[in-house]
Visitor: 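Supplied in structure tokens, the structure appears directly below.
Position 1 is the first residue of the sequence, and the numbers go up from there. Every value quoted in this text rests on a predicted model; they were computed, and no experiment measured them.
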Amino acid sequence: MPKQLVVFDFDWSFVDQDTDRWVFEVLSTELRRLLQRRKSAGTGMQCTPDVVNETMEDLWKAGYKQDDVLSALRQLPLHPAMKRAVTSLKQRSDETTFLCLSNSNTVYIGTILEHHGLTDLFSEIVTNPAHWDASHPDHLHIGRRLPSTSPPHGCAVGCLANMCKGDELDAYLSSHGGKESFDKIVYVGDGGNDFCPLLRMRHGDIGYVRKGFELDERVKEEGKKEGLKVDVKLWEQAWQIDEYFAEL
């Protein structure tokens, strides 16, 4: 079996929700609305860690506890077919490596994976840092993968300020022998910031693009102009990823 790297975005790709929004939707409609207002006051792009961190502080000040946040995360939907897709592929292929490349955060992703018994799935999780406050253990702090004090990444494709997913994919590949060390790279994504890593991939690699989401639109509108080389395969539901993975 060929040596392959399977890269997953997390929100709306691995799980069927947006983790940044989910906690507030479960716990407080008022704070979910506040998150939306803060998001709308920014660039119009998806929630940045800064906005989520600010609203998470409001959640703590409102009296919500660490257990409330963790309980909400454990309720977030992971489709059984997606779980079947990744576990089946991992079991039958020792030559497949899974990488998570997400704009969520370490606490959200770690809690969800642990709840579903998938803590050993990904060889590495590249995402924003998060931690519970040492003095106030019910207060979750969420930071940036690329701190605001660091030089900007300079991505011209439209990645968010806290992370260029294309740079992150290149860095991972560079530290694991380069692209040539994998016979195939596949990427499962949905968001506009998943377009950049697709551009770093080769002919023969595969982009599993969620139909009707922002990545789908960017591929249609910008793919040819930007020199997209990967084979694009559309999906709408998790069972289709299970079908696709059976072919890998």
Side-chain angles (χ1 to χ4, degrees), residues 1-22 46 73 75-104 108-127 165-166 168-169 172 182-220 223 228-248:
M1 183 169 286
K3 187 176 182 182
Q4 54 195 5
L5 176 66
V6 177
V7 187
F8 264 97
D9 172 46
F10 201 74
D11 294 1
W12 294 119
S13 295
F14 189 77
V15 296
D16 264 332
Q17 256 298 337
D18 181 309
T19 53
D20 288 340
R21 304 169 187 167
W22 176 261
Q46 67 193 83
L73 289 168
Q75 297 175 59
L76 187 144
L78 168 63
H79 199 288
M82 187 63 74
K83 184 175 182 179
R84 182 171 63 247
V86 296
T87 54
S88 297
L89 179 56
K90 189 176 181 69
Q91 287 169 2
R92 72 174 183 271
S93 173
D94 293 335
E95 294 297 307
T96 296
T97 300
F98 289 86
L99 168 67
C100 181
L101 192 54
S102 169
N103 198 41
S104 182
Y108 285 5
I109 294 175
T111 301
I112 293 165
L113 292 178
E114 181 181 20
H115 178 67
H116 291 281
L118 296 172
T119 54
D120 295 330
L121 175 64
F122 295 107
S123 65
E124 190 171 329
I125 298 172
V126 179
T127 189
K165 284 191 169 185
E168 296 289 356
L169 178 59
Y172 178 87
F182 294 98
D183 298 304
K184 181 177 291 185
I185 303 169
V186 304
Y187 194 104
V188 184
D190 69 280
N193 61 347
D194 294 314
F195 185 61
C196 186
L198 287 188
L199 293 177
R200 313 292 179 103
M201 293 162 59
R202 312 158 296 188
H203 290 291
D205 292 337
I206 303 174
Y208 295 121
V209 175
R210 196 159 195 181
K211 185 177 180 180
F213 285 68
E214 187 178 356
L215 179 59
D216 184 16
E217 296 304 312
R218 293 201 69 180
V219 167
K220 291 175 183 175
L228 185 68
K229 301 180 182 69
V230 301
D231 297 328
V232 173
K233 297 187 178 183
L234 299 178
W235 66 285
E236 293 181 90
Q237 303 295 330
W239 62 267
Q240 293 166 301
I241 293 294
D242 192 22
E243 280 190 333
Y244 284 140
F245 278 15
E247 300 169 355
L248 293 177

Visitor: Kindly compute the distance separating CG (Leu78) from CG (Asp16), expressed to the nearest 0.5 Å.
Guide: 8.0 Å
Visitor: Quick check: closest heavy atoms across Thr19 and Tyr108, and the distance to 0.1 Å?
Guide: O-CE2, 3.4 Å
Visitor: Could you report the tightest heavy-atom contact between Ser93 and Gln4, atom names first, then the distance?
Guide: OG-NE2, 4.3 Å
Visitor: What residues, two or more places apart in sequence or in another chain, satisfy side-chain hydrogen bond (donor to acceptor under 3.5 Å, both in side chains) together with Tyr187?
Guide: Asp194
Visitor: So Leu169 and Leu99, side-chain contact (heavy atoms from CB on, under 4.5 Å) or not? Walk me through it.
Guide: CA-CA 9 Å; Leu169 178 59; Leu99 168 67; 4.2 Å; yes
Visitor: Strictly under 6.0 Å, is that where the ring centroids of Phe14 and Phe122 end up?
Guide: yes
Visitor: Could you label the plane-to-plane angle of the Phe8 and Phe98 rings as parallel, tilted or perpendicular, counting under 30° as parallel and over 60° as perpendicular?
Guide: parallel
Visitor: What heavy-atom pair brings Ser102 and Thr127 nearest, and what distance separates the two atoms?
Guide: O-OG1, 3.0 Å
Visitor: Residues in side-chain hydrogen bond (donor to acceptor under 3.5 Å, both in side chains) with Ser123, at least two apart?
Guide: Tyr172
Visitor: Could you go step by step and tell me if Asp9 and Lys165 meet the salt bridge (charged side-chain N to carboxylate O under 4.0 Å, His left out) rule?
Guide: CA-CA 10 Å; Asp9 172 46; Lys165 284 191 169 185; 3.0 Å; yes
Visitor: Which atom names give the shortest non-hydrogen contact between Pro77 and Trp22, and what distance separates them?
Guide: CD-CH2, 3.9 Å
Visitor: Testing the basics here: between Phe245 and Ala85, what is the closest heavy-atom pair and its distance to 0.1 Å?
Guide: CD2-O, 3.6 Å
Visitor: Restricting to pairs with a member in residues 233-248, which pass side chain to side chain donor-acceptor pair (under 3.5 Å), not counting sequence neighbours?
Guide: Arg84-Asp242
Visitor: How close do Asp20 and Asn103 get, heavy atom to heavy atom, and via which atoms?
Guide: OD2-O, 4.2 Å
